[in-house]
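Presented below is the structure to which this report refers.
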Amino acid sequence: MPIKLMAASRKRPGLTRAEYQRYIEFYHGTIARQERFKIDSYVQNHVIDGAFGLLSDADHQNKVVDRDAVVEISFKNFREMMETLEPAVPSAASQDGKFFANESTNIIVMAEEEEIPVPTPLTTFNPGLGIVKGVGAMKVLQYIMRDEDVYPEDYKKYWRMAHEEAVEKAPYYKEQARRVQANWRCRANDNDGAARKHFKMVDPPVYDLVVTHWFDTMEQVGAFRQYVEAMQNSAGPKFANWSKSFYLYTKQIVIIRDTPLS
Amino acid sequence: MPIKLMAASRKRPGLTRAEYQRYIEFYHGTIARQERFKIDSYVQNHVIDGAFGLLSDADHQNKVVDRDAVVEISFKNFREMMETLEPAVPSAASQDGKFFANESTNIIVMAEEEEIPVPTPLTTFNPGLGIVKGVGAMKVLQYIMRDEDVYPEDYKKYWRMAHEEAVEKAPYYKEQARRVQANWRCRANDNDGAARKHFKMVDPPVYDLVVTHWFDTMEQVGAFRQYVEAMQNSAGPKFANWSKSFYLYTKQIVIIRDTPLS
Amino acid sequence: MSTPETKQYTYKEWYPTTKAKAQQPDLSPEEKARPFAKYYYEEIPQPDPAHYAMMEKPCDPAKALYPEQMNDLLNPGYLDVEIGWCNLANGAGFIANKIVYPGVTAEMIDWWFAWHPLEDLRYRIWYPPQHGGIHLSPEGRKRILDESIPMSERNWGVVHHVTENCDCGMENITISFFSPKDYGFDMTRFKQPFVSTFAGGQGWAVTVDKNDESITAPAMMCHIFRDTPEGLEHRTRFWLGYRLSNGVPECTLPPGVAVPQVAVQGLARHNVKEFTRFKHFLPRIYAEFGGKMIV
Amino acid sequence: MSTPETKQYTYKEWYPTTKAKAQQPDLSPEEKARPFAKYYYEEIPQPDPAHYAMMEKPCDPAKALYPEQMNDLLNPGYLDVEIGWCNLANGAGFIANKIVYPGVTAEMIDWWFAWHPLEDLRYRIWYPPQHGGIHLSPEGRKRILDESIPMSERNWGVVHHVTENCDCGMENITISFFSPKDYGFDMTRFKQPFVSTFAGGQGWAVTVDKNDESITAPAMMCHIFRDTPEGLEHRTRFWLGYRLSNGVPECTLPPGVAVPQVAVQGLARHNVKEFTRFKHFLPRIYAEFGGKMIV
């Protein structure tokens, strides 16, 4: 089944965000297209803004509070992912990270996608023919740190409860969220030494869940603010460490996405 | 003589950059206008982008590699600055920082301004009547860390030499820089315990120099990239620790600026 | 009311306890006072030597069952390999075992798999030589104790946090139990006389002494039971290196990597040993506590 | 060629050496071999008791000179306070001192102020009881050694990094020397017979044992000299708490803060002591080494 590598990084020393995003789109992205290996699809999410932790926090508890992009590389299965990440001859892509990322602070999540139904997948504003649903130009990536007291299996359940509650308590979100996808960390290659080594990470935080929310445009992103406040105040069991959680407003850039000939 | 408080901060936990900039412009700025004390002028520089350190650095050497604004509060003299910062009854402004900034990472420079002449203070693109010079919509703040081997007095001299050399080696900068101002750290209130306490800083890095460069618009900011590379490669004596230096592309927001009645 | 069955650790509390469990400590005074503590001190029956010997060497991989073929277990009769183990062509580990339990019913199986995860001691008495302990999350415990759910369904969606030695050292194994449907069985065929009950899921195993270099290994576990004139027939299959990915079995081994033979054989032997014990012990303990969750 | 005069520490190297200098260690073998080392061991003359006594109590602040009035020093005759100290109304510290040097010329003064910062020992022999050491930056040293610059201008723009005890414990003081014009004198009036030469600048002083709470204190220093029939007349003014900000004197004290009397009096007394020594010592050392920078 599909597995997705999600890599959140920030700019290396010497680069502006614009220079970092230029590099990953036109150099790193092009390398991936030149040496595709078993990549099924590849999208980059270029960060526009984001928030880390909670207003009630006295100081930041995220080790890094700036992220410049999250790349999502999808594979048909785990083995194809590993064949791509660790080919017999090291790939150019694997050596390219140092040219844009502050690699020691990378956060990697190997995730399996779960689509979460939304009440309003079609906009009422200029819906056109009404045949395209579940899309949006504004993509929010929400990294939620599991509360360390909570069992991973209960975490899934509690998040879903809190999500459903927040949707009801955030009417603008309920109206504006076009698509929601839960990306659950897979224990294959359990963020272990090999992964840390491959991605040059030093003591990376481990996220069990990254939720992606799509909205029509940046104009609607306030819906997410309404939702995230409702979720953080949800009545159900505590499941998240919001101080170590963060979210990013991003613009999706497609690098590899095959369109079958019709 | 005028002295200027320059405070570079980043967003507190829970805020996006947009939310932080909204707060400082409309809340913190308004508080300063309501309780002006002895503030002579006050501008905010809202960060658009920036780069920290050198491409050749293996990892970031700046403790914080994201800054969301630099506020510049000018006073007629040191005493009026102190009267404003430490009034008999604590000011609202002094208690407001925690609502937007990650205060422990603040960087404060108390600086004296030195105007550095530029070759081309007037644009050739739409110069209008040609009577307004030395202005620009794009403001770059360049924090340069003195090399620890260099005496502060030599640092001033070496920077100026490197600047003049870089201007010559960066023809586009020479053509596009509309105004340059060197802000030299003043030893009055020598970043000491009192200042750290007032600004809630923890072990802040000390910058002896912040150079401000103005360009017409964001379209010309590449001139700065040309300049900063020339400066980093200047032939003169080593004077800066570029790994601990950074620069910010900003949009200036005026909070307090009196215009005499004509 | 607090009882031994409702004793709950948070995840953060539970995890460090596994190092102690791995040491297989003596029973605590509270555990010794439990009415089923006596089973812990019984002599453990040894496997039938002929049966155990069938785990001596690997079987022919060409005759092994792949997880994609799990529905063949619903066919009448027997498959090519009912007792044995090997590495599959893709490097995964395959284990089959079969054992018949005279006097055991599907109800006993369902009860046992729901009853035993509630306390370390319940798990330890099953096979004291190699069982370290077990724990449930609060939500898992809630379901297990929910009398409105049929016993045969109690484990569906529940994760057993097991500390166990499968002949390769003590490991922490999280086993997510699935309904037969979610596991991948064809529910149109999942009925008597082909099957009486099922207990299975997907596990992730990692050494108790986990460090950054430790491998977390997936496996699919299938215990399927059917009635025979000789008694309840238990057919086990393990597929090491496989995980269930959104309900589909997937070999999750990096290219060129095979599950070590020692791990496959170890689990095969462990399986024979723990279910030999099971055969002798389940009817008796069921007679004492069967059907009840709180004792 | 490396000589004692060209020995150069980086800033990072120099700073930690000040703790040792503050201990006023014995001279090193190399220092003892310097031709002027003998001055270090001389008996140090005590100030004239009547003169020293004038620093016993503060003078009337109403009669003190403010730095904005520095050009009054170019007037013929004398100001209200020529010897004394006090706190000004704004809290700043004021010091005046006057001493006449028979047999001393302006050339000797210019040479001395350029000559002495090249080596710790040159500074220490000036006033061994309280002078710890001195250092220049590479650019400062280059200017001081630049024979193309008139001796009277050598110090302009140069910073002396002094370790000194001004009767309040050992401090590191960075003194930026200025030309009289940059210091604020009216150059149309800066001429004979009103003035023969000048040495002055702005200093920042902080204890050698600096910590985060230590105060870094500014002061303006003015040594102005004019010829009199009795010899060269040295008039000193200090304004403690003032800094030169872009060429303009500014009281840099927080509101309500005054420079402690002990600091003002301490520097006043120190000044009398070190220039009493100066009076007896400068003509002799100038006779030996005058005009030369490398010895």
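The chains referred to below are lettered A, B, ... by the order of the sequence lines, with proteins before strands, and numbering in each begins at 1.
Taking the six-membered ring for Trp and thresholds of 30 and 60 degrees, Tyr11(D) and Tyr151(B) have ring planes more than 60 degrees apart, a perpendicular arrangement.
Surrounding CZ of Arg33(B) are at most 12 heavy atoms belonging to other residues, nucleotides or ligands under 6.0 Å away. Applying the 6.0 Å contact sphere to CD of Glu35(B) captures more than 12 heavy atoms from other residues, nucleotides or ligands. The number of heavy atoms from other shown groups lying within 6.0 Å of NZ (Lys98(B)) is above 12. Shown here is Lys244(B), whose NZ atom has no more than 12 heavy atoms of other residues, nucleotides or ligands within 6.0 Å. More than 12 heavy atoms of other residues, nucleotides or ligands lie within 6.0 Å of NZ in Lys63(B), so this atom counts as buried by the packing criterion.
The heavy-atom pair separating Arg79(B) from Glu250(D) by the smallest distance is N-OE2, 4.5 Å. What you find for Gly140(D) and Asp154(B) is that their closest heavy atoms are N-OD1, 4.1 Å. Glu153(B) approaches Val159(D) most closely through the heavy-atom pair OE2-CB, 3.4 Å. When all heavy atoms are compared, the tightest approach of Ala188(B) to Trp204(D) is N-CH2, 3.1 Å. Between Met82(B) and Pro255(D), the shortest heavy-atom distance links the atoms CB-CD, 3.4 Å.
Between chain D and the residues Val150(B), Leu85(B), Asp147(B), the most heavy-atom pairs under 4.5 angstrom are made by Val150(B). Counting heavy-atom pairs closer than 4.5 Å to chain B, the top-ranked of the candidates Leu253(D), Val248(D), Val257(D), Thr174(D) is Leu253(D). In terms of heavy-atom pairs under 4.5 Å with chain B, the best-connected choice from Cys251(D), Pro138(D), Pro218(D) is Pro138(D). Note: Lys157(B) leads Lys157(B), Met81(B), Glu113(B) in heavy-atom pairs under 4.5 Å with chain D.
Only the side chain of Ile3(B) comes within less than 4.5 Å of a heavy atom of chain D; its backbone N, CA, C and O stay farther away. With a threshold of 4.5 angstrom between heavy atoms, Tyr15(D) does not approach chain B through any atom at all. Of the two parts of Pro249(D), neither the backbone nor the side chain holds a non-hydrogen atom closer than 4.5 Å to a non-hydrogen atom of chain B. Proximity to chain B (any heavy atom under 4.5 Å) is shown, for Val158(D), by neither the backbone nor the side chain. The part of Gln8(D) that comes within reach of chain B is its side chain, from C-beta onward, which places non-hydrogen atoms under 4.5 angstrom from that chain.
Contact annotation: the side chain of Phe78(B) approaches that of Thr252(D) to within less than 4.5 Å [non-hydrogen atoms, C-beta and beyond].
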Exercise. Evaluate side chain to side chain contact (heavy atoms under 4.5 Å, CB included) for Arg187(B) paired with Val206(D), printing each intermediate quantity in order.
Key: CA-CA 11 Å; Arg187(B) 290 187 68 184; Val206(D) 64; 4.3 Å; yes

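Salt bridge Glu112(B)/Arg243(D): present, at least one basic N to carboxylate O contact under 4.0 Å.
Rounding to the nearest 0.5 angstrom, the gap separating the OH atom in Tyr155(B) from the OG atom in Ser137(D) is 15.0 Å.
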